[in-house]
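Structure record follows, encoded as C-alpha cells.
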Amino acid sequence: DAMVIQNPRYQVTQFGKPVTLSCSQTLNHNVMYWYQQKSSQAPKLLFHYYDKDFNNEADTPDNFQSRRPNTSFCFLDIRSPGLGDAAMYLCATSRAPSGTKDTQYFGPGTRLTVL
Amino acid sequence: SQQGEEDPQALSIQEGENATMNCSYKTSINNLQWYRQNSGRGLVHLILIRSNEREKHSGRLRVTLDTSKKSSSLLITASRAADTASYFCARTQGGSEKLVFGKGMKLTVNP
C-alpha cells in the first residue's frame with residue numbers, strides 16, 4: 001500500500017546531541033512537510049519541500065534543518081536538541097501544496113524524548 | 001490567534017450517540033479540512049470542504065461550512081468506541097500553502 005513511513009517511531013537523545021528523523025513516501029507526492037506537535041497541542045508546521053524547493057516557516061528555530069535527497073525521502077535534523085524540543089514529529093505529503101486544495105497524508109510520527 | 005478553535009475541547013458520549021464538533025476561524029479560507037488523530041499516532045484525513053461548498057458527507061461523517069459565520073461543524077452519527085480520538089480542523093487561506101490546524105478536540109466514545 002502506498003504510504004508515508006517514519007523511522008524510528010520512538011527516538012531518545014541526549015541534550016545537545018544531534019539527531020535525525022527520517023520520512024519516506026511511496027505516494028510519489030511533490031510536497032513533503034515536517035510538523036512538530038507537543039502534547040495536547042495542534043501540529044505546527046516547521047518547513048516543507050515542494051520538489052527540491054525548501055520553504056522554512058518564519059518562526060522555525062535555526063536548530064531545525066531538513067534535507068530531501070530525492071522525491072521519496074525527507075530528513076529532519078535537530079542540531080542541538082533541547083528539552084523543549086521533546087515532541088511528536090509528523091511527516092506529511094501532498095501532491096501539490098494545500099493551497100491548491102489537495103489533502104495531506106500523514107505518517108505515524110516519531111516521538112522524540114530528550115534526556 | 002490564527003488558529004481555528006474547536007468547540008467543545010473535550011466530549012464524552014455513549015456508543016450510538018451522535019457527536020458534533022465545531023470549528024471557528026477568523027480569516028477567509030480556501031478550504032477547511034477535518035483530521036482525526038488516535039492517541040500517539042499520525043493524523044488521518046477525514047473530509048475536505050471548499051469555501052464554495054456548504055455540506056459534505058462521507059459515511060457516518062457530515063461536515064458543514066458557514067463562511068458568513070466563519071465556522072464549520074463535524075457530525076459523527078451512530079458513534080462507535082473506535083471513533084475515540086482527537087479531531088482537528090485545519091484550513092488553508094489566501095495564497096499560502098500552509099495548513100493551519102486548530103487546537104483539537106478530544107472525543108471519547110464509551111462502549
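We name chains A, B, ... by the order of the sequence lines, and we start the count at 1 in each one.
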Reported [atom1]-to-[atom2] distance for the pair [X] and [Y], which is rounded to 0.5 angstrom:
| X | Y | atom1 | atom2 | result |
| --- | --- | --- | --- | --- |
| A:F106 | B:R41 | CZ | CZ | 14.5 Å |
| B:K103 | A:S40 | NZ | OG | 11.5 Å |
| A:T103 | B:I47 | OG1 | CD1 | 12.0 Å |

Please check if atom [atom1] in [X] has more than 12 non-hydrogen atoms from other residues, nucleotides or ligands closer than 6.0 Å.
| X | atom1 | result |
| --- | --- | --- |
| B:R80 | CZ | no |
| A:D62 | CG | no |
| A:Q14 | CD | no |

Exercise for the section: Answer with side chain, backbone, both or neither: which region of A:Y105 has an atom nearer than 4.5 Å to a non-hydrogen atom of chain B? Expected result: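 For A:Y105, there is no contact with chain B at all, as no heavy atom is under 4.5 Å.
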Exercise for the section: Can you tell which part of A:E57 gets under 4.5 Å to a heavy atom of chain B, answering side chain, backbone, both or neither? Expected result: side chain
Minimum heavy-atom separation for [X] and [Y], please, with both atom names.
| X | Y | result |
| --- | --- | --- |
| B:G102 | A:A42 | O-CB, 2.8 Å |
| B:Y35 | A:Q104 | OH-N, 3.3 Å |
| B:G42 | A:L90 | CA-CD2, 3.8 Å |
| A:R9 | B:G40 | NH2-O, 3.8 Å |

Handout entry: Sub-4.5 Å side-chain heavy-atom contact between A:Q41 and B:F101
Key =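 When only atoms from C-beta onward are counted, B:F101 and A:Q41 do not touch, as no gap falls below 4.5 Å.
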Handout entry: Non-hydrogen side-chain atoms of B:L99 and A:Y35 separated by less than 4.5 Å
Key =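 B:L99 reaches A:Y35 side chain to side chain.
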With the 4.5 Å side-chain cut-off for hydrophobic clustering, are [X] and [Y] part of the same group?
| X | Y | answer |
| --- | --- | --- |
| B:W34 | B:I29 | yes |
| A:L45 | B:L43 | yes |
| A:W34 | A:F73 | no |
| A:F54 | A:L46 | yes |
| B:Y87 | B:I13 | yes |

Handout entry: Heavy-atom proximity to chain A below 4.5 Å, by part of B:Q37
Key =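 Just its side chain gets close to chain A.
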